[in-house]
Q: 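I'd like to ask some things about the structure below.
Nothing here was measured: the structure is a model prediction, and the numbers come from that model. Computed over heavy atoms, backbone and side chain alike; hydrogens, waters and symmetry mates excluded.
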Amino acid sequence: QVQLVESGGGLVQAGGSLRLSCAASGRTFSSRAMAWFRQAPGKEREFVAAIGWKSIDTKYTDSVKGRFIVSRDNAKNTVSLQMNSLKPEDTAVYYCAASSSFGNANSIAGPNDINYWGQGTQVTVSS
């Protein structure tokens, strides 16, 4: 069992930055691929970024490449998403997610690849 709690969301102007954090409980965190998803009002939940269990590999959706950075600290059971150059279209509820054990970043393509979800944190980017 893995429990995930996000923090760090808020309101920011376009061009600004936010850092989301996800604190995980459970003994298997360090062996799981981790990801961030987001869901805007009226839209489906979409993949944003993922990081493999060894922190060697990462994966991003095209719209955030070069702006967002995903990282993890297995010693602290945390995963983070640094979001720079934010745009109004980045506005959404952001979810931390845990996938299967010993997975790499490419093992996560969509919500069906996720075993555990956090409760979400709101990110609002004003124009």
Q: How many angstroms lie between CG in Asn115 and CD in Gln1, if you round to the nearest 0.5 Å?
A: 10.5 Å

Q: Looking only at heavy atoms, what is the nearest atom pair of Gln119 and Val5, with distance?
A: OE1-CA, 3.7 Å

Q: What do you reckon, is CD of Gln3 surrounded by more than 12 foreign heavy atoms closer than 6.0 Å?
A: no

Q: Is it true that Asn84 and Ser17 share a donor-acceptor pair across their side chains at a distance under 3.5 Å?
A: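 Asn84 and Ser17 do have a side-chain donor-acceptor pair below 3.5 Å.
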
Q: A side-chain contact here means heavy atoms from C-beta on lying under 4.5 Å apart; do Val79 and Val70 qualify?
A: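 Yes, their side chains come closer than 4.5 Å.
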
Q: Return the minimal non-hydrogen interatomic distance between Ile51 and Thr58, and the atom names on each side.
A: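 Shortest heavy-atom contact: CG1-CG2, 3.9 Å.
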
Q: Any idea which heavy atoms bring Ala92 and Arg38 closest together, and the distance?
A: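 The pair with the smallest heavy-atom distance is CB-CB, 3.8 Å.
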
Q: List the atom of Ile108, the atom of Ala35, and the distance in Å for their closest heavy-atom pair.
A: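 Heavy atoms of Ile108 and Ala35 come nearest at CD1-CB, 3.7 Å.
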
Q: Quick one: does Leu18's side chain get under 4.5 Å of Tyr94's, heavy atoms only?
A: no

Q: Would you indicate whether the side-chain heavy atoms of Leu20 and Glu6 approach each other to under 4.5 Å?
A: no

Q: Would you please name every residue forming a side-chain contact (heavy atoms from CB on, under 4.5 Å) with Arg67, sequence neighbours left out?
A: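 In terms of side-chain contact (heavy atoms from CB on, under 4.5 Å), with neighbours along the sequence ignored, Arg67 is linked to Val64, Ser85, Lys87, Asp90.
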
Q: Between atom OG of Ser30 and atom NZ of Lys54, what is the distance when rounded to the nearest 0.5 Å?
A: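 The distance works out to 12.0 Å.
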
Q: Looking at Phe29 and Thr78, what are the two nearest heavy atoms and their distance?
A: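 Answer, listing the atom of Phe29 first, then Thr78: CZ-O, 3.6 Å.
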
Q: Treating Ile, Leu, Val, Met, Phe, Trp and Tyr as nodes and any side-chain heavy-atom pair under 4.5 angstrom as an edge, say whether Val93 and Val123 lie in one connected cluster.
A: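 No, because Val93 and Val123 fall into different hydrophobic clusters, even though each may have its own neighbours under 4.5 Å.
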
Q: Does Phe37 have its ring centroid less than 6.0 Å away from the ring centroid of Phe47?
A: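 Yes; Phe47 has its ring centre under 6.0 Å from that of Phe37.
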
Q: Any donor-acceptor pair under 3.5 Å linking the side chain of Asp57 with the backbone of Ala105?
A: yes

Q: Would Leu86 end up clustered with Tyr60 when hydrophobic side chains under 4.5 Å apart are linked, directly or stepwise?
A: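 Linked, Leu86 and Tyr60 end up in one cluster.
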
Q: Look only at the side chain of Arg72 and the backbone of Gly52, and say whether a donor-acceptor pair between them is shorter than 3.5 Å.
A: yes

Q: Is there a side-chain contact between Phe68 and Leu81 (heavy atoms, below 4.5 Å)?
A: yes

Q: Would you please test Gln122 and Thr91 for side chain to side chain contact (heavy atoms under 4.5 Å, CB included) and show each step?
A: CA-CA 8 Å; Gln122 177 71 45; Thr91 295; 4.0 Å; yes

Q: Do Ser80 and Arg19 have side chains that approach each other closer than 4.5 Å (heavy atoms only, starting at C-beta)?
A: yes

Q: Between Met34 and Leu4, is there a side-chain heavy-atom distance shorter than 4.5 Å?
A: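 Touching, per the 4.5 Å side-chain cut-off.
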
Q: Minimum heavy-atom separation for Ser99 to Asp113, with atom names?
A: OG-O, 2.8 Å

Q: Given side chains that start at C-beta, do those of Val2 and Thr28 come closer than 4.5 Å, heavy atoms only?
A: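 Yes; the side chains approach each other to less than 4.5 Å.
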
Q: Out of curiosity, Asp73 CG to Ser21 OG, how far, rounded to the nearest 0.5 Å?
A: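 Result: 10.5 Å between the selected atoms.
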
Q: Check whether any side-chain heavy atom of Pro111 sits under 4.5 Å from a side-chain heavy atom of Trp117, and report yes or no.
A: yes

Q: Verify side chain to side chain contact (heavy atoms under 4.5 Å, CB included) between Trp36 and Cys96, making sure each step is shown before the conclusion.
A: CA-CA 5 Å; Trp36 289 92; Cys96 178; 4.0 Å; yes

Q: Here's one to test your reading of the geometry: is the NZ or CZ of Arg32 within 45 degrees of the ring axis of Phe102 and under 6.0 Å from its centre?
A: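 No, Arg32 and Phe102 do not form such a contact.
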
